[in-house]
Amino acid sequence: VAIPYAAASRQAHGESYWRFIPKVFGRAATLVLLGCLIDSSAAMKPIFDLDVLQLIGLAYLVGALIYPVWLPVRAALALALLAAHWYILLHVVQPGVGAGVFTEDHNVVDYWNHAYLAKYHLSGLFSVVPAAAMVLIGTCVGDLLRRDMMRPWRKLAVLMGAGGSIPVVGDFSR
């Protein structure tokens, strides 16, 4: 939600989008490195992996780089990322378990993490997809909140309607 406010501030100061890109990479790198530092401190040895702060940094990177895209396209991209992630969880078969298993220890993303990504300390990389979608949705919400031409009660109605539709869509997708 903060990305549109930062973009507006940047624009008000005459700063171009291209001058903002190094700052985006710097913030993302800071979050990733801070997460690695925290994980390394807990493990008492140097660790480069993908944990919560690293995931936030990568999702922010995706969302901030895509932010200049027209709002309806961002919303459609967020929905496409969530739909792709849902489709993979529901339809991709994992050896010995099958498709559509959603337990914490048995799902296709967990399988991919352990089978392919863990040896490179990249477990959790596939979680960037839905997290980036959430950041893109947040940029859409931030744009809505920043609109001066829309009355506050209408903004509330749009947000309540969108939020109320999420459980319906989630229930339908099962």
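This chain uses plain numbering: 1 for the first residue, then up along the sequence. These numbers come from the heavy atoms of this one structure, side chains and all, not from hydrogens, waters or symmetry mates.
- Contact record, L55 with A131: CD1-CB, 3.9 Å, taken as the closest heavy-atom pair.
- Closest heavy-atom contact between V109 and H85: CG2-NE2, 4.0 Å.
- The two residues L61 and A28 have their closest heavy-atom pair at CB-CB, 3.9 Å.
- The minimum heavy-atom distance linking I38 with L53 is given by the pair CD1-CD1, 3.7 Å.
- Taking the six-membered ring where tryptophan is involved, the planes of H91 and W86 are perpendicular, since the angle between them exceeds 60° and thus also 30°.
- Residues D110 and H114 bring a donor and an acceptor atom of their side chains to less than 3.5 Å of each other.
- Atom CD of Q11 has 12 or fewer neighbouring heavy atoms from other residues, nucleotides or ligands inside a 6.0 Å radius.
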Would you be so kind as to tabulate the donor-acceptor pairs closer than 3.5 Å made by side chains of residues 71-84, with sequence neighbours excluded?
{"residue": "R74", "atom": "NE", "partner": "Y67", "partner atom": "O", "Å": "3.1"}
{"residue": "R74", "atom": "NE", "partner": "V69", "partner atom": "O", "Å": "2.9"}
{"residue": "R74", "atom": "NH1", "partner": "T139", "partner atom": "OG1", "Å": "2.8"}
{"residue": "R74", "atom": "NH1", "partner": "D143", "partner atom": "OD2", "Å": "3.3"}
{"residue": "R74", "atom": "NH2", "partner": "D143", "partner atom": "OD2", "Å": "2.5"}

message = Run the side-chain contact (heavy atoms from CB on, under 4.5 Å) test on T30 and R27 for me, step by step, so that the C-alpha distance in whole Å, both residues' side-chain angles and the decisive distance to 0.1 Å come before the verdict.
response = CA-CA 5 Å; T30 299; R27 287 180 187 147; 5.6 Å; no
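- At most 12 heavy atoms of other shown residues, nucleotides or ligands fall within 6.0 angstrom of atom OH in Y116.
- A side-chain donor-acceptor contact under 3.5 Å links Q54 and D39.
- Residue Y17 places its OH atom among more than 12 non-hydrogen atoms of other residues, nucleotides or ligands, all under 6.0 Å distant.
- Judged purely by distance below 3.5 Å, without hydrogens or angles, the side chains of Y5 and R146 never pair a donor atom with an acceptor atom.
- V24 is listed as a side-chain neighbour of Y60, based on a closest heavy-atom distance under 4.5 Å.
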